[in-house]
Amino acid sequence: MNQNPTKHTKVLIIGSGPAGYTAAVYAARAMLNPILVYGIQKGGQLSTTTDVENYPGYSEVIQGPWLMDQMRDQAKAVGTELIEDHITSVNLKSHPFEATGDRGQKYTADSIIISTGAQARWLNLKSEQEYRGFGVSACATCDGFFFKEKEVAVVGGGNAAVEEAIFLTKFASKVKLIHRRDKLRAEKLLQKKLMENKKIEIIWNSVVEDVIGEKQPKNVRGIKIKNIQTNEIKEIKIDGLFIAIGHDPATTLFKNQLDMDKDGYLITKPDSTETNIPGVYAAGDVKDKIFRQAVTAAGMGCMAALEAEKFLSH
């Protein structure tokens, strides 16, 4: 057990990424001397995203990891203490709030900003991970643009999958929606829009078995799909594969302490980042399953810091 003395801060930020780093910049500039604790994947989902073309302020294509490094350096430059640790438990009933890292380091805080983010669910195929960022994506809004006049496939059957398939028809010449059942879970109105779209073909009762691609230059060329009723495997030619089987917010830490919806996303008050516990705020993908963009996460990080500052001044 490590015997380091307890660290106290006015603002403890849990999680890095656009929400956490932006909250840190605002909190530090308000002279609150925040501590930001980041886990193994510092920078969150953006640290695994290659080309970023939709973050305001950059006319050239930038790289996700680079953007996160810049935000981290900015947070540090204005006075944030950055600590690599994995928070394994929190007590939001005590005052000040308490958090403990996996090596036993204790933190106490007058306010907490939660920006632990979410992770896209993947199919967990070796080939899928190999081509992630090279034709395999979990975000049509981020990457659809790269598939102009190309053929793509979307995996899933819920609202997200159907919305992604429809969105991709703006760019792609053909979109195949692959679903493991014989009917979709998406809401009826979306299904109607999907069925009416001439560019979309639905492949029922099927799962992706493998992603096929080239090594040099690295890109996707096709996929193997299996019909789960007949076990027949066939290969289809596509240039891009979008996985839309849902996201999991990183909120297990806060179960039974903070209000969440059925999918585990933290619930905040309208037009606010405040959770059901005053002084505890949630920003970014940990509470936002609708937009999930770097810029909206950054905006919420700013809101959370301003709300925390107001809370602390009372």
Side-chain angles (χ1 to χ4, degrees), residues 1-2 4 6-20 23-24 27 32 34-42 44-45 83-122 158-160 185 245-292 296-297 300-301 303-312 314:
M1 270 307 251
N2 113 354
N4 282 0
T6 296
K7 283 182 174 291
H8 180 73
T9 177
K10 293 190 183 90
V11 185
L12 176 65
I13 300 164
I14 306 174
S16 51
L32 297 172
I35 289 178
L36 183 150
V37 178
Y38 60 91
I40 36 178
Q41 196 184 342
K42 67 169 190 283
Q45 295 180 79
I83 299 173
E84 181 174 2
D85 196 356
H86 181 69
I87 302 287
T88 50
S89 72
V90 293
N91 180 357
L92 304 177
K93 305 234 178 352
S94 73
H95 286 281
F97 303 119
E98 291 167 359
T100 311
D102 62 2
R103 293 185 295 273
Q105 174 68 56
K106 284 201 167 7
Y107 306 86
T108 57
D110 300 324
S111 68
I112 291 184
I113 294 173
I114 299 163
S115 49
T116 45
Q119 261 121 20
R121 286 186 208 137
W122 295 94
N159 282 355
R185 297 188 311 278
I245 54 176
H247 283 72
D248 294 312
T251 54
T252 27
L253 200 52
F254 312 103
K255 286 236 155 71
N256 306 321
Q257 297 194 68
L258 292 176
D259 293 347
M260 354 186 136
D261 71 7
K262 63 179 191 340
D263 300 316
Y265 288 86
L266 297 179
I267 295 169
T268 58
K269 294 178 174 159
D271 293 326
S272 165
T273 62
E274 190 177 51
T275 64
N276 56 300
I277 295 179
V280 179
Y281 304 90
D285 285 18
V286 75
K287 65 135 286 184
D288 168 29
K289 55 171 153 186
I290 300 170
F291 303 108
R292 290 204 195 96
T296 47
M300 276 181 263
M303 288 162 65
L306 294 175
E307 289 188 284
E309 181 190 6
K310 195 171 168 187
F311 170 81
L312 294 168
H314 288 315

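For this chain, numbers begin at 1 and follow the sequence in order.
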Q) Among all residues two or more places apart in sequence or in another chain, which pass the ring pair (Phe, Tyr, Trp, His ring centres under 6.0 Å) test with Phe311? A) none

**Q.** ring pair (Phe, Tyr, Trp, His ring centres under 6.0 Å) partners for His95, two or more places apart
**A.** Phe97

Can you name the nearest heavy-atom pair linking [X] to [Y], along with the distance?
X	Y	value
Ser94	Pro96	OG-O, 2.8 Å
Gly44	Gln41	O-NE2, 2.8 Å
Ala282	Leu266	CB-CD1, 3.7 Å
Ala283	Ala19	O-CB, 3.6 Å

Heavy-atom check, side chain of [X] versus side chain of [Y], under 4.5 Å:
X	Y	answer
Phe254	Val90	yes
Ile112	Ile277	no
Ile114	Val280	yes
Gln257	Lys93	yes
Glu84	Lys42	no
Tyr281	Met303	no

Q. Applying salt bridge (charged side-chain N to carboxylate O under 4.0 Å, His left out), which residue pairs with at least one partner in residues 111-122 are found, sequence neighbours left out?
A. Arg121-Asp248

If the condition is side chain to side chain donor-acceptor pair (under 3.5 Å), which residues does [X] pass it with, not counting sequence neighbours?
X	result
Thr273	Glu307
Tyr38	none
Thr268	Lys287
Thr108	His8

Hey, could you give me the [atom1]/[atom2] distance between [X] and [Y], rounded to the nearest 0.5 Å?
X	Y	atom1	atom2	result
Arg292	Asp288	CZ	CG	7.5 Å
Ile245	Trp122	CD1	CH2	9.0 Å
Ile14	Ile87	CD1	CD1	5.0 Å
Thr6	Gln105	OG1	CD	7.0 Å
His86	Ile40	NE2	CD1	7.5 Å

**Q.** Pair Val37-Leu12, side chain to side chain contact (heavy atoms under 4.5 Å, CB included): steps then yes or no
**A.** CA-CA 8 Å; Val37 178; Leu12 176 65; 3.9 Å; yes

Checking [X] side chain against [Y] main chain: does a donor-acceptor pair fall under 3.5 Å?
X	Y	value
Ser115	Gly284	no
Thr88	Thr100	yes
Ser111	Lys10	yes
Gln119	Ala250	no

Can you list the residues that meet the salt bridge (Lys or Arg N to Asp or Glu O under 4.0 Å) rule with [X], with sequence neighbours excluded?
X	answer
Lys262	none
Glu309	none
Asp259	none
Asp261	Lys289

Q) In this structure, which one of Leu258, Leu92, Ile267 forms a side-chain contact (heavy atoms from CB on, under 4.5 Å) with Asn276? A) Leu258

**Q.** With sequence neighbours excluded, residues passing side chain to side chain contact (heavy atoms under 4.5 Å, CB included) with Ala24
**A.** Ile13, Leu36, Ala75, Thr80

Q: Determine whether more than 12 heavy atoms belonging to other residues, nucleotides or ligands lie under 6.0 Å from atom NZ of Lys269.
A: yes

